[in-house]
Amino acid sequence: MPKIELKGVSKKFEIKKTKTEFFLHPFKKSYKNVLDDINICIEKPGIYSLIGPNGSGKTTLLRIISGILYPDVGEVLINNSRFNLNPSKVFLISESERGFFPRLSLINNLKFFASLIYSNMREINKIITDILHEFDLEKEKNTRFQELSTGTKQRLAIGRAMLFNPEILLFDEITKGVDIKQQQIIYSLIKRFKDEGKTIIFATHLIKEVEELSDKVILLNQGKIFGFGNISEVTKDINRVFEIQ
Amino acid sequence: MKKYLLKAFSFIIKDFLVESSYGFNVLMQTIGIIFSVFTFYYLSKIIDLSQTPELIKYKEYFPYVIIGIALSNYLSVATRGFAQRIRESQLTGTLESILICGIKPGEFLILSTLYDFLFSTIRIFIYIATAFLFSKGSFYINQIHYSILILLLSVIAFSSMGVLSAGFVLMFKRGDPISIIYSTLSYLFSGVYFPISLLPIPLRFFSNLLPMTHALEGLRKSLLTETTYTDLLPQIIALLIFSLVLWPLSLLIFSKAVNKAKYEGSLSHF
């Protein structure tokens with residue numbers, strides 16, 4: 001059972017200068033605090049919604065948990081040990097328009113990513129057949145990635161994650177830009193992953209999604225944790241945060 | 001090992017499929033090679049070797065210059081290819097998605113340029129084969145094993161500059177002055193088109209600091225003159241020294257650049 005612990009995680013990014021600022025203060029750097037002293041401990045599998053307004057730090061937090069971005073301060077522990085990139089432990093599924101090869105077909109994209117982990121073609125072909133079937137991608141398997149609909153791209157992104165069968169899945173606004181039917185398909189997939197004992201952290205700014213999916217809610221605002229608990233426990237805080245915005 | 005070979009094969013197939021999706025790209029490049037070979041074939045007819053004694057040992061200017069051009073193709077892939085692949089994969093977001101899949105940055109860098117090197121090797125052979133067909137028997141094809149050794153050492157020495165350049169792209173997002181400066185200097189000072197002995201003495205010293213000079217000298221010796229391992233030893237040693245000094249340095253700088261990008265979050269944008 002995976003345990004995720006974030007201890008004192010903070011992150012700031014340098015703010016790009018305008019041309020005038022550059023000429024006036026060429027060596028002066030200014031920063032924006034994106035995450036400020038985040039402490040969370042997730043011990044049980046389930047669906048954890050990470051909710052917050054735009055710019056609250058959701059994507060940065062997920063990227064830090066995935067290991068693709070380093071925190072400036074603090075640490076991420078998975079099962080009590082410091083975490084490094086490991087797709088069979090944690091996998092981040094983010095904006096699906098990027099991260100695939102646009103001119104390759106859906107199946108060739110999957111084959112490529114499968115070859116990064118599996119060591120023989122028989123295994124690769126088997127897992128790909130399963131994924132195409134499981135995520136309803138068979139019909140479009142020969143279509144180039146750039147010609148796929150957003151919904152299909154999202155299912156492909158989830159399918160790619162399943163090549164690694166990770167214990168922890170991080171979703172970054174995965175239903176952005178998809179129609180209601182596709183949203184429902186994605187919701188049912190997420191619920192199925194929960195039933196398989198996985199831990200899911202699901203970033204969104206849609207309260208409807210939080211209500212439909214969450215076991216627990218992590219409320220983030222201006223880089224700080226504003227609430228963590230069951231939906232009923234944080235409803236007041238959610239309303240407060242979204243009203244503030 | 002089997003797993004690593006499968007990864008390498010997948011990267012090559014992936015790049016081949018992407019390249020071939022652009023229609024006549026590969027065909028046009030091959031036609032380009034043949035055109036450039038013929039241009040230099042006719043150009044070489046107006047070059048009188050008796051005016052340049054430095055070239056007499058090679059018997060003809062045509063094979064001399066074709067080897068220069070063929071190897072500069074390698075130089076170009078090795079110095080620009082790494083940075084180009086990094087840049088492309090940042091733009092498409094595939095760098096981050098591949099790293100998330102557990103591939104190490106250095107491994108990604110090498111795997112992603114395999115296709116370029118493979119294609120460049122084929123191009124070198126097309127150049128040399130065409131030059132062989134049209135030259136007046138200046139080639140020592142029975143010494144090809146020496147040429148392969150020199151090519152191998154050249155790739156390693158040239159690539160270190162490419163890895164440095166890729167590190168620069170990751171750190172500063174744009175521009176790639178290292179490869180531009182390095183390849184421009186190599187074209188001018190390493191004897192691609194003319195012998196370095198024509199350069200003023202101080203510049204000749206500078207030529208010796210470029211791996212391309214030694215690679216060209218070695219490749220020409222092995223293909224165009226009767227030679228032995230002992231004759232090639234100065235070039236082999238020079239290329240080995242470049243590789244041993246530049247590789248660890250370039251890998252260190254590249255890993256620092258990746259670390260910096262992981263702090264700045266710039267792996268996925270350019």
Side-chain angles (χ1 to χ4, degrees), chain A residues 11-14 16 31 34 59-60 62-64 66-73 84-105 107-124 144-146 157 160-161 163-164 166 170, chain B residues 1-23 25 85 88-108 111-112 114-115 171-174 255-270:
Chain A
K11 185 77 198 170
K12 59 183 181 215
F13 289 122
E14 193 182 335
K16 279 192 176 171
Y31 294 91
V34 181
T59 299
T60 305
L62 289 185
R63 285 162 63 78
I64 287 177
S66 77
I68 199 73
L69 181 69
Y70 292 153
D72 296 331
V73 185
N84 270 321
L85 272 173
N86 179 353
S88 60
K89 276 260 178 289
V90 182
F91 203 99
L92 170 66
I93 303 164
S94 49
E95 183 201 10
S96 64
E97 290 299 321
R98 301 175 83 239
F100 286 94
F101 299 96
R103 296 185 72 87
L104 288 192
S105 64
I107 192 166
N108 282 332
N109 263 295
L110 267 181
K111 274 186 182 171
F112 172 77
F113 284 101
S115 74
L116 304 182
I117 182 166
Y118 293 94
S119 53
N120 73 62
M121 282 311 290
R122 201 179 297 162
E123 265 183 304
I124 291 176
R144 275 188 186 167
F145 178 79
Q146 62 189 17
R160 173 175 64 187
L163 289 170
F164 300 89
L170 311 171
Chain B
M1 186 65 185
K2 193 180 162 196
K3 194 173 171 182
Y4 197 81
L5 283 176
L6 185 64
K7 269 187 214 173
F9 181 69
S10 298
F11 268 85
I12 292 171
I13 293 292
K14 181 261 294 173
D15 288 326
F16 172 73
L17 290 174
V18 171
E19 285 293 319
S20 55
S21 75
Y22 288 99
N25 198 14
R85 289 290 175 186
E88 274 171 17
S89 56
Q90 274 184 312
L91 282 169
T92 55
T94 47
L95 175 62
E96 190 170 292
S97 63
I98 290 172
L99 295 184
I100 281 182
C101 293
I103 298 289
K104 302 264 179 294
E107 193 184 1
F108 167 80
L111 291 171
S112 63
L114 280 180
Y115 172 80
M171 271 195 190
F172 301 104
K173 320 277 190 306
R174 61 176 62 229
S255 70
K256 293 247 180 246
V258 172
N259 230 18
K260 186 173 180 273
K262 279 193 174 180
Y263 274 109
E264 289 180 348
S266 58
L267 280 178
S268 63
H269 56 82
F270 184 64

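For the numbers below, each heavy atom of this structure counts, side chains included, while hydrogens, waters and symmetry mates do not. Sequence lines set the chain letters: A, B, ... in the order given, protein chains first and strands last, and positions in each chain run from 1.
- The ring pair (Phe, Tyr, Trp, His ring centres under 6.0 Å) check on B:Phe108 picks up nothing, with sequence neighbours excluded.
- To the nearest 0.5 Å, atoms NZ (B:Lys7) and OH (A:Tyr118) are separated by 13.5 Å.
- Only the side chain of A:Phe13 comes within contact range of chain B, with heavy atoms under 4.5 Å apart.
- For the atom pair OG1 of B:Thr92 and CZ of A:Phe145, the computed distance is 10.0 Å after rounding to the nearest 0.5 Å.
- The closest donor-acceptor contact from the side chain of A:Arg98 to the backbone of B:Gln90 lies under 3.5 Å.
- Counting all heavy atoms, side chain and backbone alike, A:Met121 lies closest to B:Leu6 at SD-CD1, 3.8 Å.
- Within the 4.5 angstrom heavy-atom criterion, no atom of A:Pro166 approaches chain B.
- Proximity to chain A (any heavy atom under 4.5 Å) is shown, for B:Phe11, by both the backbone and the side chain.
- Contacts of B:Leu99 with chain A are made by both backbone and side-chain atoms, with heavy-atom separations under 4.5 Å.
- Here B:Ser97 contributes atom OG and A:Asn109 contributes atom CG; the two are 9.0 Å apart, rounded to the nearest 0.5 Å.
- Chosen from A:Pro71, A:Ala114, A:Ser105, the residue pairing most often with chain B at heavy-atom distances under 4.5 Å is A:Pro71.
- Atoms CD1 and SG, from A:Ile117 and B:Cys101 in turn, are 8.0 Å apart once rounded to the nearest 0.5 Å.
- If you measure heavy-atom distances from A:Ile124 to chain B, the contacts under 4.5 Å come from the side chain alone.
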Intermediate values then yes/no, side-chain contact (heavy atoms from CB on, under 4.5 Å), A:Arg144 and B:Ser21: CA-CA 10 Å; A:Arg144 275 188 186 167; B:Ser21 75; 3.4 Å; yes
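- Counting only distance, with no hydrogens or angles, the side chain of A:Lys11 and the backbone of B:Tyr263 share a donor-acceptor pair below 3.5 Å.
- Separation of atoms CD (B:Glu96) and OG (A:Ser94) is listed at 6.0 Å; rounding is to 0.5 Å.
- The two residues B:Thr94 and A:Gly99 make their nearest non-hydrogen contact at CG2-C, 3.7 Å.
- Of the two parts of A:Leu69, the backbone and the side chain both hold a non-hydrogen atom closer than 4.5 Å to a non-hydrogen atom of chain B.
- More than 12 heavy atoms of other residues, nucleotides or ligands sit less than 6.0 Å from atom OH of B:Tyr4.
- Here the closest non-hydrogen pair linking B:Lys262 and A:Ile68 is CG-O, 3.6 Å.
- Here the straight-line distance linking atom CZ of A:Phe101 with atom CD1 of B:Ile98 works out to 4.0 Å at 0.5 Å rounding.
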